[in-house]
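Scroll down for the structure; my scribbles are underneath it.
Worth saying up front: this structure is predicted, and the values here are computed from it rather than measured.
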Amino acid sequence: MTDTSKGNAGGQYGAVSVTLFLCLFASQAAVIAMSPVLADAASDLHVSTATAGQLRTITGLAAGITALLLGAIVGRVGLGRQLLVASALLALGSVASAAAPTFVLLAFAQLPVGVGVAVLTTAGTLAAAEWVSPAVRTRALSWALIGQPAAWIVGMPLVGLLGERSWRYGWLALPLVAAVAAGILVASRAGQPPARSRPASARAALADRTLARWLTSELFANAAWAGTLVYAGALFAESYGTSTKLTGCLLAFAAGAYVAGNLICRRLVRREPRRTLVLLAVSLAITDSLFGVARSDVAMSTALLSSAAFIAGGRTLIASAFALATAPELRLAVTSLRAATMQFGYFAGSIAAGAALALGGYSALGATMGLLFLGAAATLARRPTSHRIPA
């Protein structure tokens, strides 16, 4: 791929960071648009909360398939154009979601949303390596990834407040506006040419046992975290009777902890990643399980979710840096495959969490997500890796 920003670690770094921040902000805004109002939307559309939560499985399936297919088009379509098209699709899906009169039509509206989320996440992460010099890559990646929890911090209270009137307004005020803003910022890069060199295929990346094991671990971890996020708002609403406004504020507080974890764990990026990721996965298994099981009061649940979010913020940064530190010819394949694990993780995590919730309530949900995190730790713990993130 062509580094379009060599020698511009100053001004271009700032512009790129803001652009990618907003791209990932928009993608996450679509993911969390239903979280604080899931129970209300389920009631309005005459389905159960567990059923409404399966909307995320549709988004995750569409996004996962899209992420796998991105490698086939990257040689013909530049990253800027990919991000512009993704922003348009996300805007379209947001409008369709807000207007959907039935649960079935709302489910269909998640298809363009899923495609947009996949491209914004994959191309946005990859651009952190392609649009800036290696000297500022980790900082650019960190700021881009902060766009995701920032969507929680801004969006959760906003969606919760608007949810007092209708769950539909959140789609218009959050992902739609964010998608339009992201599209405006990436429009100037839409004319940039695609990669000159042909990237390696996904098969070549999976042939590396270290990478294959890491991707499997990512699938487990993403499934666990996705299942937690989908039903976190409903846990507060149904366990403690919190309003949509208060629920949104509590989730935003947890997102602030995620940002803190991202920033503090920057210093861990250059360490050997396997042991760090194993330790973080085990810590998440404990805190996530307790979030579902130990529901004594609102303060306790908020503290446990915030602790899990802090750890997840650091884990996401380290895992993303690992992907971008691979050889240039493998970077696209690894980044696309990791994005696929994120989206298929949402698909699998939503199904697993919904089934656990339906069968055993929030205690079963917490235990199930904890087991998935333990699976992520066990997969990486089986064999050490020599892959280190360069300074």
Side-chain angles (χ1 to χ4, degrees), residues 4-5 8-33 63 79-91 94 116-159 173-190 192 229 251-252 254-266 269 309 312-321 323-324 335 338-339 342:
T4 61
S5 59
N8 61 357
Q12 281 296 322
Y13 157 72
V16 168
S17 296
V18 171
T19 299
L20 300 184
F21 170 93
L22 194 52
C23 286
L24 270 72
F25 180 102
S27 68
Q28 189 67 19
V31 171
I32 58 94
L79 291 175
R81 187 168 298 175
Q82 289 182 43
L83 291 170
L84 182 60
V85 172
S87 299
L89 285 173
L90 182 55
S94 298
V117 166
V119 179
L120 285 169
T121 302
T122 305
T125 302
L126 187 60
E130 302 300 319
W131 289 356
V132 299
S133 64
V136 294
R137 179 183 297 164
T138 297
R139 283 188 289 157
L141 174 63
S142 178
W143 284 116
L145 293 176
I146 286 175
Q148 295 176 314
W152 281 71
I153 295 171
V154 174
M156 287 299 186
L158 178 60
V159 172
L174 188 60
L176 175 60
V177 172
V180 171
I184 292 173
L185 286 185
V186 300
S188 63
R189 292 180 175 269
Q192 290 182 348
L229 296 186
L251 295 177
Y258 187 103
V259 173
N262 176 297
L263 294 175
I264 291 175
C265 287
R266 283 184 183 182
V269 165
R315 197 205 72 82
T316 300
L317 175 63
I318 293 169
S320 298
L324 294 185
T335 303
R338 179 170 182 265
M342 293 172 66

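Within the model, atoms CZ of Arg338 and OG1 of Thr125 stand 7.0 Å from one another, a figure rounded to the nearest 0.5 Å. The structure places CG of Leu263 at 11.5 Å from OH of Tyr258, a figure rounded to the nearest 0.5 Å. Separating the CG atom in Leu251 from the CD1 atom in Ile153 is a distance of 11.5 Å, to the nearest 0.5 Å. To the nearest 0.5 Å, atoms CG (Leu185) and CG (Leu20) are separated by 10.0 Å. Interatomic distance, Gln148 CD to Thr316 OG1, rounded to the nearest 0.5 Å: 7.0 Å. With rounding to the nearest 0.5 angstrom, the CG atom of Leu90 is 8.0 Å from the OG atom of Ser27.
In this structure the side chain of Val186 reaches within 4.5 angstrom of the side chain of Cys23, judged on heavy atoms. Side-chain contact between Ile146 and Phe21 is present, with heavy atoms from C-beta onward closer than 4.5 Å. With a 4.5 Å cut-off on side-chain heavy atoms, Val85 and Val119 do not count as touching. Taking 4.5 Å as the limit, some side-chain heavy atom of Val31 sits within range of a side-chain heavy atom of Val117. Looking only at side-chain heavy atoms (C-beta outward), Leu145 and Leu24 come within less than 4.5 Å of each other. Phe25 has its side chain within reach of Leu174: a pair of non-hydrogen atoms, C-beta onward, lies under 4.5 Å apart.
Heavy atoms only, all atoms of each residue included: Ala151 and Ala29 are closest at CB-N, 3.8 Å. Between Leu83 and Gly124, the shortest heavy-atom contact is CD2-N, 3.7 Å. In this structure, Ala254 and Ala309 approach most closely via the heavy-atom pair O-CB, 3.2 Å. Taking both residues in full, the closest heavy atoms of Ala86 and Leu120 are given as CB-CG, 3.8 Å, listed atom of the first, atom of the second, then distance. Heavy atoms only, all atoms of each residue included: Ser87 and Gly183 are closest at OG-N, 3.6 Å. Residues Ala26 and Ala179 share a closest heavy-atom pair of CB-N, 3.9 Å.
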